[in-house]
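Okay, so here's the structure we're looking at.
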Amino acid sequence: MTGGLVAAEITSVPGASKVFRGSVTAYATELKQRLLGVDATLLAERGAVDPQVAAQMAAGVREALGADWGVATTGVAGPDPQDGQTVGTVFVAVDGPSRTGTGSARGGKVEHLRLNGDRAEIRMESVRSVLALLLAELAGEQTGNERAQDTERNGGF
């Protein structure tokens, strides 16, 4: 749905090469399965616009690139509905390292968005939302004294 806009936004920042490994633009549904390992049965039964598909895409891109974190967007930017979903239905997902003490095997999270606007607005808001979700998850990794030091350095928040 975003067709590489997430990668473009990240790499627009000078120094991005220090943290950004690459991206996979799996625009066609079949590529979600072939390149990212999304379950073929899931895609056949629910289509590409689904929270589990988004989660599997994020995990798949993380694995494919050997990255600490993977992000994914899937949805309908318009002008027409897709897979029985209305325009503005979007799922954004992140997948990262497991969280100690949570019992969770992965650090994955998916958010369901209902966006308004035209195609360009829906696509850009999807990019903003997946990056905000990634930032929130990264901030959640900081705990205890590490978090206090960051707050002190940045004047609190």
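Because the structure is a prediction, the values reported are computed rather than measured. Heads up: numbering here begins at 1 and tracks the sequence.
- A side-chain donor-acceptor contact under 3.5 Å links Asp83 to the backbone of Ala48.
- In this structure Asp39 satisfies the side chain to side chain contact (heavy atoms under 4.5 Å, CB included) test together with Thr41, Leu42, Gln56, sequence neighbours excluded.
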message = As a quick check of understanding, evaluate side chain to side chain contact (heavy atoms under 4.5 Å, CB included) for His112 and Thr89, giving each step before the final call.
response = CA-CA 8 Å; His112 177 200; Thr89 302; 3.8 Å; yes
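- Val127 and Phe20 fall within the same hydrophobic cluster, where Ile, Leu, Val, Met, Phe, Trp and Tyr residues are linked whenever their side-chain heavy atoms come under 4.5 Å apart, directly or through other members.
- Within the model, atoms CG of Asn116 and CD of Glu121 stand 9.0 Å from one another, a figure rounded to the nearest 0.5 Å.
- Between the Arg123 side chain and the Ala77 main chain, no donor and acceptor come within less than 3.5 Å of each other.
- A 4.5 Å side-chain heavy-atom check between Trp69 and Glu137 finds at least one atom pair inside the cut-off.
- A pairwise comparison of heavy atoms in Gly78 and Val87 identifies CA-CG2, 3.8 Å as the closest pair.
- Using a 4.5 Å cut-off on side-chain heavy atoms (C-beta onward), Met1 and Val90 make contact.
- When hydrophobic clusters are built by joining Ile, Leu, Val, Met, Phe, Trp and Tyr residues whose side-chain heavy atoms come closer than 4.5 Å, directly or via intermediates, Val24 is not grouped with Val94.
- Ser129 OG to Leu115 CG: the interatomic distance, rounded to the nearest 0.5 Å, is 6.0 Å.
- Between Gln85 and Asp50 there is no side-chain heavy-atom pair separated by less than 4.5 Å.
- Of the inter-residue distances, the one linking Leu133 atom CG with Glu111 atom CD reads 4.5 Å to the nearest 0.5 angstrom.
- Side-chain contact between Phe91 and Val49 is present, with at least one heavy-atom pair separated by less than 4.5 Å.
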Validation: residues 25-33 side-chain donor-acceptor distances under 3.5 Å, sequence neighbours left out:
{"from": "Tyr27", "atom 1": "OH", "to": "Arg119", "atom 2": "NH2", "distance (Å)": "3.1"}
{"from": "Lys32", "atom 1": "NZ", "to": "Ala26", "atom 2": "O", "distance (Å)": "2.6"}
{"from": "Lys32", "atom 1": "NZ", "to": "Tyr27", "atom 2": "O", "distance (Å)": "3.1"}

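- Of the inter-residue distances, the one linking Leu138 atom CG with Leu131 atom CG reads 10.5 Å to the nearest 0.5 angstrom.
- Within the 4.5 Å cutoff, the side chain of Val71 has no heavy atoms near those of the Val92 side chain.
- Between Thr73 and Thr2, the side chains place a donor N or O and an acceptor N or O closer than 3.5 Å (distance only, hydrogens not considered).
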Just list the side-chain donor-acceptor pairs under 3.5 Å for residues 6-16, sequence neighbours left out, or say none.
{"from": "Thr11", "atom 1": "OG1", "to": "Ala7", "atom 2": "O", "distance (Å)": "2.8"}
{"from": "Thr11", "atom 1": "OG1", "to": "Ala8", "atom 2": "O", "distance (Å)": "3.4"}
{"from": "Ser12", "atom 1": "OG", "to": "Glu9", "atom 2": "O", "distance (Å)": "2.7"}

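- Looking at Thr74 and Met57, their side chains come closer than 4.5 Å, going by heavy atoms from C-beta outward.
- No side-chain heavy atom of Glu125 sits under 4.5 Å from any side-chain heavy atom of Leu113.
- Hydrophobic clustering of Ile, Leu, Val, Met, Phe, Trp and Tyr side chains at less than 4.5 Å, counting indirect connections, keeps Val130 apart from Leu65.
- Closest approach of Ala93 to Ala54, counting heavy atoms only: CB-O, 3.4 Å.
- Between the side chain of Ser126 and the main chain of Ile122, a donor-acceptor pair closer than 3.5 Å is present.
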